[in-house]
Every structure is written in structure tokens, then in C-alpha cells.
Amino acid sequence: MVFKDKLFGLKRDELEKLVLELGCPQFYGRQIAEWLYKSNIRTIDEMTNLSKSARALLNDKYDLGIYNPENVQTSADGTKKYLFPAHQGMFVETAYIPEVNRATVCISSQIGCKMGCRFCMTGQQGFQGQLTAGEILNQLRSLPEKDTITNVVYMGMGEPFDNLINVLDSLEILTADWGFGMSSKRITVSTIGIIPGMKEFLEKSKCHLAVSLHSPFEEERKDLMPVGKMYPLHQILDTIRSFNLGRQRRISFEYILFKDLNDTVSHVKELARLLNGIHCRINLIRYHPIPGISLQPSDDVTIIKFENALKSKGIRTTLRASRGQDIFAACGLLSTKELLRQNQRE
């Protein structure tokens with residue numbers, strides 16, 4: 001089987017360069033971008049404003065690069081988890097989360113993850129590869145509910161800033177007039193705090209930033225998230241403070257609550273001290289237990305007390321609803337580890 005390069009996921013300037021190399025007019029690149037990101041075509045031959053000879057050249061050298069999901073699971077609460085194909089026979093999971101006035105797609109940026117956070121099933125899976133910009137965007141483009149989507153979050157499998165170039169390319173295509181034309185205010189990228197990638201993202205993109213925090217105490221955070229040894233929390237916060245982000249761009253901190261670990265009054269006080277002066281929101285998240293991991297979720301009474309204590313300190317705080325837990329689509333539960341095992345046995 002001959003593996004061809006993919007058109008989907010290329011930026012407009014890359015498409016213009018591509019058609020020139022094929023001996024076609026440069027404006028064909030703009031037309032191809034229109035077909036890829038503003039239409040529902042499934043084949044190159046449907047690009048009817050290109051000449052037949054140009055379409056033949058494209059078919060000879062390229063695949064479209066748009067793929068349907070191979071499986072879907074539906075939760076009792078309406079959340080859906082899709083399995084999308086990636087390169088070299090790999091797969092990634094994507095969550096579709098419908099609500100009354102919005103619908104969010106939670107997309108993956110890597111196959112597995114290198115970061116090894118204790119509380120995350122993707123981290124337990126390990127790392128199998130980077131997704132291309134096209135594979136990242138295909139999770140939106142080929143979603144059956146694509147036309148209902150109001151918000152995109154890069155909170156699925158992987159650490160976005162460990163795949164920085166492809167993530168930034170996908171964000172450009174998502175927000176460009178020649179691409180999907182989506183407002184950057186509707187897109188949030190989550191990171192555990194890889195500072196070089198975070199800096200470049202804040203410089204080059206206007207999308208919202210979410211930082212996985214989970215403890216205001218450095219040693220405790222390092223135990224939960226080994227990356228803290230390389231990128232300490234105070235350096236992450238100093239980096240955020242160094243940018244004049246204004247009021248239009250949202251900075252949020254993700255905080256999973258673990259029983260008898262990070263849910264005390266002292267944690268509230270330290271959070272208020274650390275985040276002083278940063279216009280932000282804390283998103284509290286219930287922990288979803290992972291087999292073989294000793295961490296336990298805080299009880300509801302403790303969670304509500306913690307939320308109210310943060311609010312009393314003047315910190316905007318929300319408690320994120322747990323969605324799709326019964327199909328392992330909730331926060332921290334995405335993984336294709338079992339599928340990898342099955343493929344290795346076959």
C-alpha cells in the first residue's frame with residue numbers, strides 16, 4: 001500500500017505552495033482551502049472548480065485526509081465518546097458534550113501522553129505518537145454533530161504544548177477566515193504548564209488558556225504531576241503575569257479535588273495568595289477514580305465547602321459537571337490503552 005501525504009490540515013499558504021509545485025495556478029490553493037474547511041466534501045474529485053487535470057494530479061500524490069470515526073459510545077447523560085483513526089494503525093478518543101445552550105467537543109492532540117500524571121488514564125497509557133494538524137482537526141470535521149458545536153477544548157488525550165507546531169497550525173486553521181472561521185473566544189487549550197510552549201501559544205494565538213493546577217504547594221503538585229520538577233508552579237504563574245492578556249482572553253486553572261490531599265483550608269489560603277493579581281477562574285473537577293491508583297475523590301460536602309471558601313476569597317470559581325463517566329469519557333479517563341493491547345495480541 002502506498003501512503004500519500006494528506007491535504008486536510010494544511011494551511012492556505014502551504015496549499016498555495018503545493019499547487020505551484022504541481023504546475024497549477026496559485027489561486028487553486030485558496031480554492032482547495034475553501035473545499036477542505038468550508039464544505040463537506042469526501043473526495044478530491046468533488047473540488048469541481050479545479051481542472052480535471054489538477055484533480056488527477058492531486059489524486060495521484062495526495063489523499064484528502066478526512067476520516068469518519070470507527071466507533072461511538074453514548075453515555076446516559078448524552079455525552080458521546082468517539083474513536084477516531086490516526087496514523088500507523090493508532091486511534092484517539094474524542095468526547096462530544098451537549099448542553100442546553102452549547103455543545104463542546106473535547107479533542108485530543110497526541111496518541112497517549114508522556115507526562116505521567118498520577119490521576120490521568122491517558123498518562124498511564126504512555127506515549128505512542130504526535131497527531132498531525134489534520135488528525136487533530138478531523139475530530140471536529142468528521143464529528144457527526146459537527147454543525148452543533150459551539151466550543152472546542154483541547155483537553156483530550158495528550159499535552160497540547162508537547163505537540164506545539166501541529167496544535168498551533170490546527171488553531172490557525174480553526175480560527176482563520178479561510179479556514180473554519182471559528183471565534184478564538186470559543187476555543188480553550190489546556191496545559192500542565194510547559195512554559196516554552198505556553199509562551200509561544202500566548203504570543204501567537206488569541207484562544208483561551210487553561211492550566212492544570214491541582215495543588216498550590218510545589219512538592220505536592222510534583223508528586224501528582226512529575227512535570228512540576230521541570231516547570232515549577234511559580235514560574236508558570238510568573239509567565240502568565242508577564243503577558244498583558246486583557247479582559248477578553250480567559251485564563252482558567254483546572255483543579256481536581258482529591259480526598260485528604262488537596263481539599264483543605266490551607267489549600268484555599270495558598271491558592272488565594274498565589275493567584276492574587278491574576279484575572280482568572282478556578283474550575284473545580286471531581287476526581288474520577290482510575291483502576292490501580294490509590295487516589296480517591298473528595299466528598300460532595302467537602303467540594304462545596306472548598307468552592308464557597310474560594311469564592312469568599314474573591315476568586316471566580318465553578319464546579320464542572322462530570323459528564324460521560326459511565327463510558328470513560330469524563331475528565332482524565334480517555335485512553336486507547338486496551339485497544340493497543342488487543343492489537344498487539346492479534
Side-chain angles (χ1 to χ4, degrees), residues 113 115-124 153 155 159-161 188-195 198 208-243 245 250-290 292-323 325 330-333:
C113 186
M115 301 302 136
C117 297
R118 284 179 59 198
F119 48 83
C120 180
M121 279 190 71
T122 310
Q124 305 303 310
V153 294
M155 297 181 181
E159 161 54 51
F161 297 159
T188 301
V189 180
S190 178
T191 179
I192 59 176
I194 297 181
I195 292 175
M198 190 169 69
H208 299 313
L209 175 70
V211 177
S212 295
L213 182 52
H214 310 313
S215 176
F217 299 111
E218 291 281 13
E219 291 307 312
E220 195 170 77
R221 188 171 184 270
K222 289 175 188 175
D223 183 58
L224 290 168
M225 307 166 66
V227 74
K229 298 171 186 176
M230 183 173 294
Y231 301 114
L233 183 56
H234 71 275
Q235 291 182 12
I236 295 170
L237 298 179
D238 287 346
T239 300
I240 291 172
R241 286 190 173 94
S242 70
F243 284 84
L245 300 174
R250 186 172 64 246
I251 303 295
S252 57
F253 294 94
E254 312 292 298
Y255 198 96
I256 299 174
L257 285 156
F258 304 103
K259 182 180 180 180
D260 300 328
L261 179 62
N262 65 345
D263 57 0
T264 71
V265 172
S266 64
H267 288 86
V268 171
K269 291 179 179 178
E270 185 65 5
L271 283 169
R273 187 189 72 82
L274 277 181
L275 301 181
N276 184 42
I278 300 178
H279 180 67
C280 65
R281 175 194 302 271
I282 292 182
N283 290 321
L284 299 180
I285 304 169
R286 289 181 173 86
Y287 173 59
H288 306 111
I290 297 172
I293 302 299
S294 61
L295 295 168
Q296 294 297 317
S298 301
D299 60 71
D300 286 349
V301 172
T302 301
I303 291 173
I304 297 303
K305 285 182 178 179
F306 198 88
E307 178 185 11
N308 290 336
L310 286 171
K311 288 179 177 177
S312 73
K313 297 286 186 182
I315 300 174
R316 296 178 68 195
T317 308
T318 57
L319 175 57
R320 184 183 293 169
S322 292
R323 300 289 302 272
Q325 189 172 357
C331 180
L333 297 183

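Using a 4.5 Å heavy-atom cutoff, the side chains of Thr191 and Glu159 are in contact. Side chains of Ile304 and Leu319 form a contact here, defined as non-hydrogen atoms less than 4.5 Å apart. At least one side-chain heavy atom of Asp300 sits less than 4.5 Å from a side-chain heavy atom of Arg286. Using a 4.5 Å cut-off on side-chain heavy atoms (C-beta onward), Ile293 and Gln124 make contact.
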> Under the side-chain contact (heavy atoms from CB on, under 4.5 Å) criterion, do His214 and Ile192 qualify, and how do the steps go?
Replying inline: CA-CA 10 Å; His214 310 313; Ile192 59 176; over 6 Å; no
> Checking side-chain contact (heavy atoms from CB on, under 4.5 Å) for the pair His288/Met121: CA distance, chi angles, key distance, verdict?
Replying inline: CA-CA 10 Å; His288 306 111; Met121 279 190 71; over 6 Å; no
> Would Ile256 and Leu224 satisfy side-chain contact (heavy atoms from CB on, under 4.5 Å), going step by step from the backbone distance to the final call?
Replying inline: CA-CA 11 Å; Ile256 299 174; Leu224 290 168; over 6 Å; no
> Would Thr302 and Leu257 count as a side-chain contact (heavy atoms from CB on, under 4.5 Å) if you check the C-alpha gap in whole Å, the side-chain angles of each, and the deciding distance to 0.1 Å?
Replying inline: CA-CA 9 Å; Thr302 301; Leu257 285 156; over 6 Å; no
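For the atom pair Ser242 OG and Asp238 CG, the distance stands at 8.0 Å (nearest 0.5 Å). Distance check: Thr188 OG1 to Met155 CE gives 5.5 Å after rounding to the nearest 0.5 Å. Here the straight-line distance linking atom CG of Asn308 with atom CD1 of Ile303 works out to 12.0 Å at 0.5 Å rounding. Note that SG of Cys117 is 4.5 Å distant from CE of Met225, once rounded to the nearest 0.5 Å. Between atom OG1 of residue Thr239 and atom NE2 of residue His234 there is a gap of 9.5 Å, rounded to the nearest 0.5 Å. For the atom pair CD of Glu220 and CG of Leu233, the computed distance is 11.5 Å after rounding to the nearest 0.5 Å.
Among all heavy-atom pairs drawn from His267 and Asn262, the shortest one is NE2-CA, 3.3 Å. Between Ile240 and Met198, the shortest heavy-atom distance links the atoms CG1-CE, 4.2 Å. Nearest heavy-atom pair, Asn276 versus Arg241, reported as atom, atom and distance to 0.1 Å: O-NH2, 2.9 Å. Considering every non-hydrogen atom in both Arg118 and Ser294, the closest pair reads NH2-OG, 3.8 Å. Closest approach of Lys311 and Thr317 over heavy atoms only: CE-O, 3.3 Å. Closest approach of Phe253 to Leu213, counting heavy atoms only: CB-CD2, 4.0 Å.
Taking the salt bridge (charged side-chain N to carboxylate O under 4.0 Å, His left out) definition, one finds that Lys305 meets it with nothing, sequence neighbours left out. Partners of Phe306 according to the ring pair (Phe, Tyr, Trp, His ring centres under 6.0 Å) rule, which considers only residues two or more places apart in sequence or in another chain, are Tyr255. By the side chain to side chain contact (heavy atoms under 4.5 Å, CB included) test, Gln296 is found to be paired with Lys259, residues two or more places apart in sequence or in another chain being considered. For Glu218, there are no salt bridge (charged side-chain N to carboxylate O under 4.0 Å, His left out) partners two or more places apart in sequence or in a different chain. Remark: Tyr231 pairs with no residue by the ring pair (Phe, Tyr, Trp, His ring centres under 6.0 Å) rule, at least two apart or across chains. Residues meeting the ring pair (Phe, Tyr, Trp, His ring centres under 6.0 Å) test with Phe243, sequence neighbours left out: none.
With ring centers used as reference points, Phe258 lies under 6.0 Å from Phe119.
Although no hydrogens or angles enter the test, the distance criterion places no donor-acceptor pair under 3.5 Å between the side chain of Ser266 and the main chain of Thr264.
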